Amino acid sequence: MDFQLSDDQRALRSGMRDLLGAVFDRDRMRASVERGGALDRALWRELGAAGFFALRLPEEDGGVGLGLPEAVLLFEEAGRALLPGPLVATHLAAGRVKGAAEGAAVVTAADGDRPVAHLAEADAVLAGGGPLDGEALRAFVAAARPVRSMDPLTPLHLPPPEPVAGGPGRVAFAPGRVAGPAVSAPGRAPAYAGRLRYEAALLSAAEQLGSAARTTEMAVQHARERQQFGAPIGSFQAVKHLCADMLARTEPARAAVYAAAVTGDPLEIAAAELLADEAAVRNARDCLQIHGGMGFTWEADVHLHLKRAWLRAATGLTEAEAEEELAAGLGAAPPRSGSSAAYGPGRSQAGGGA
């Protein structure tokens with residue numbers, strides 16, 4: 001089996017990079033930071049029109065008809081560009097929530113008691129009891145509390161506490177506060193169940209991979225251009241080692257993410273998540289160190305990658321949860337043939353290739 005990317009996959013990745021370069025360049029990214037991470041609905045619709053959200057829907061349902069390996073390539077590009085918004089939730093909601101596939105709806109996820117991203121702008125929320133919209137969503141949003149986010153591109157809200165009886169057909173989320181019709185407490189249950197949980201983890205890992213690759217490129221470029229003592233700082237052994245370490249973290253993470261996209265195996269996804277999270281966080285920190293004092297400034301973009309990497313690592317399948325998944329799988333009997341889902345249509349080249 002050939003595990004190189006196919007020509008179609010390379011074209012897909014290149015096309016998404018070109019699109020993001022046109023609709024979300026650095027100036028627009030910085031404008032989003034100044035807006036406090038508020039979503040650009042026009043950009044969201046652009047992504048929908050490009051098939052970002054409907055990529056894995058069957059063609060007869062208005063989708064592109066591709067698989068998880070191709071989705072990983074697109075999310076890797078989104079991670080490189082620091083594209084904001086609940087991309088994973090909206091992608092997984094395509095075909096389940098009206099307007100998600102086309103980018104007409106913004107869908108976020110309430111995962112347990114963890115903060116919810118972009119809740120105020122969401123048209124629906126994926127929750128343990130199913131998607132919330134309409135009155136149920138408005139009640140949930142009204143009871144949620146905004147909290148400060150480490151990532152200026154990702155506004156966060158704490159989900160409401162367990163509901164208590166508030167009379168027939170109503171529910172109180174906070175002491176003395178009644179909000180709308182009775183709804184379940186979506187913040188208490190995982191947003192995704194079964195295979196969706198692992199798909200969400202893998203797509204998040206792909207974003208982390210893209211960020212890790214981008215910070216490696218940023219560090220190498222700065223090391224070539226920055227002069228100290230009459231020579232580029234990249235000629236100094238300590239800087240060389242940092243850059244080499246960044247590449248040595250990125251490429252194994254890439255191999256793990258691509259392989260997990262082909263097999264769809266939960267244990268391989270957990271391993272890919274661990275490697276991608278480590279690569280994204282540690283590469284961003286090393287990139288910041290190579291940039292020196294200017295790396296800490298607001299004007300530099302390095303800190304944005306670090307903050308996003310920290311935030312992603314703390315959501316979805318966390319490090320501790322992924323380690324538990326792997327530990328539980330040690331010594332387990334190998335899965336029967338066909339038991340690990342290969343999502344999407346079959347591929348002859350790395351599923352294909354990713």
Side-chain angles (χ1 to χ4, degrees), residues 16-17 20-21 23-38 40 43 75-85 87 117 148-156 204-229 231-254 257 273-316 319:
M16 180 52 60
R17 186 173 298 187
L20 293 179
V23 302
F24 195 69
D25 57 14
R26 186 178 186 277
D27 289 340
R28 297 191 185 188
M29 184 266 288
R30 280 293 176 168
S32 182
V33 170
E34 296 304 320
R35 294 196 305 269
D40 182 344
L43 171 61
F75 275 82
E76 183 182 351
E77 292 304 313
R80 284 178 55 90
L82 280 176
L83 190 64
L87 299 166
R148 185 174 181 178
S149 173
M150 70 177 74
D151 176 15
L153 286 165
T154 308
L156 298 174
S204 176
E207 290 184 279
Q208 294 281 63
L209 171 61
S211 180
R214 178 61 186 138
T215 51
T216 300
E217 294 170 2
M218 293 166 65
V220 170
Q221 180 181 358
H222 185 76
R224 285 173 174 165
E225 296 173 353
R226 177 67 172 167
Q227 298 275 332
Q228 284 290 343
F229 306 109
I233 63 172
S235 65
F236 305 143
Q237 189 176 45
V239 176
K240 288 180 181 178
H241 283 185
L242 284 175
C243 292
D245 288 344
M246 293 172 73
L247 184 65
R249 283 189 289 264
T250 302
E251 292 311 310
R254 186 189 309 281
V257 169
E273 177 82 13
L274 282 172
L275 288 171
D277 280 348
E278 180 187 28
V281 172
R282 293 188 63 184
N283 281 16
R285 295 180 68 171
D286 284 352
C287 181
L288 194 149
Q289 182 173 352
I290 290 172
H291 276 73
M294 67 177 294
F296 289 88
T297 64
W298 185 254
E299 290 75 16
D301 295 339
V302 185
H303 69 96
L304 297 175
H305 279 276
L306 179 58
K307 292 169 182 175
R308 182 72 64 84
W310 273 334
L311 187 62
R312 284 200 203 101
T315 57
E319 178 182 2

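Keep in mind that this is a model prediction, so the values were computed, not measured.
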Applying salt bridge (Lys or Arg N to Asp or Glu O under 4.0 Å), which residue pairs with at least one partner in residues 287-297 are found, sequence neighbours left out?
none
Intermediate values then yes/no, side-chain contact (heavy atoms from CB on, under 4.5 Å), M16 and E76:
CA-CA 10 Å; M16 180 52 60; E76 183 182 351; over 6 Å; no
What donor-acceptor contacts under 3.5 angstrom involve side-chain atoms of residues 290-302, with partners at least two apart or in another chain?
from: H291; atom 1: ND1; to: C287; atom 2: O; distance (Å): 2.9
from: T297; atom 1: OG1; to: M294; atom 2: O; distance (Å): 2.6
from: D301; atom 1: OD1; to: R26; atom 2: NE; distance (Å): 3.4
from: D301; atom 1: OD1; to: R26; atom 2: NH2; distance (Å): 3.1
from: D301; atom 1: OD1; to: R30; atom 2: NE; distance (Å): 3.1
from: D301; atom 1: OD1; to: R30; atom 2: NH2; distance (Å): 2.7
from: D301; atom 1: OD2; to: R26; atom 2: NE; distance (Å): 2.7

L304/M29 under side-chain contact (heavy atoms from CB on, under 4.5 Å): CA gap, chis, key distance, verdict:
CA-CA 10 Å; L304 297 175; M29 184 266 288; 3.6 Å; yes
Would you name the heavy atoms of [X] and [Y] that are closest together and state the gap between them?
| X | Y | answer |
| --- | --- | --- |
| P152 | K307 | CD-CD, 4.0 Å |
| P155 | G37 | CD-O, 3.9 Å |
| F24 | L43 | CD1-CD2, 3.7 Å |
| R312 | S211 | NH1-CB, 4.2 Å |
| H305 | G79 | CE1-O, 4.0 Å |

Taking only residues two or more places apart in sequence, or in another chain, which ones meet [X] in a side chain to side chain donor-acceptor pair (under 3.5 Å)?
| X | result |
| --- | --- |
| T215 | none |
| E273 | none |
| T154 | D151 |

Contacts table for residues 236-249: side-chain donor-acceptor under 3.5 angstrom, sequence neighbours left out:
from: R249; atom 1: NE; to: N283; atom 2: OD1; distance (Å): 2.8
from: R249; atom 1: NH2; to: N283; atom 2: OD1; distance (Å): 3.3
from: R249; atom 1: NH2; to: D286; atom 2: OD2; distance (Å): 2.5

Under the side-chain contact (heavy atoms from CB on, under 4.5 Å) test, residues paired with T315 that sit two or more places apart
none
side-chain contact (heavy atoms from CB on, under 4.5 Å) involving A31 - partner list, sequence neighbours excluded
R35
Run the side-chain donor-acceptor check on residues 218-229: report pairs under 3.5 Å with partners two or more places apart or on a different chain.
from: Q221; atom 1: NE2; to: E225; atom 2: OE2; distance (Å): 3.4
from: Q227; atom 1: OE1; to: A231; atom 2: N; distance (Å): 3.4

Salt bridge (charged side-chain N to carboxylate O under 4.0 Å, His left out) partners of R80, counting only residues at least two apart
E77, E217
Could you go through the salt bridge (Lys or Arg N to Asp or Glu O under 4.0 Å) check for E207 and R308 one step at a time?
CA-CA 10 Å; E207 290 184 279; R308 182 72 64 84; 5.2 Å; no
Roughly how far, to the nearest 0.5 Å, is OG1 of T250 from CD of E278?
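One gets 10.5 Å once the value is rounded to the nearest 0.5 Å.
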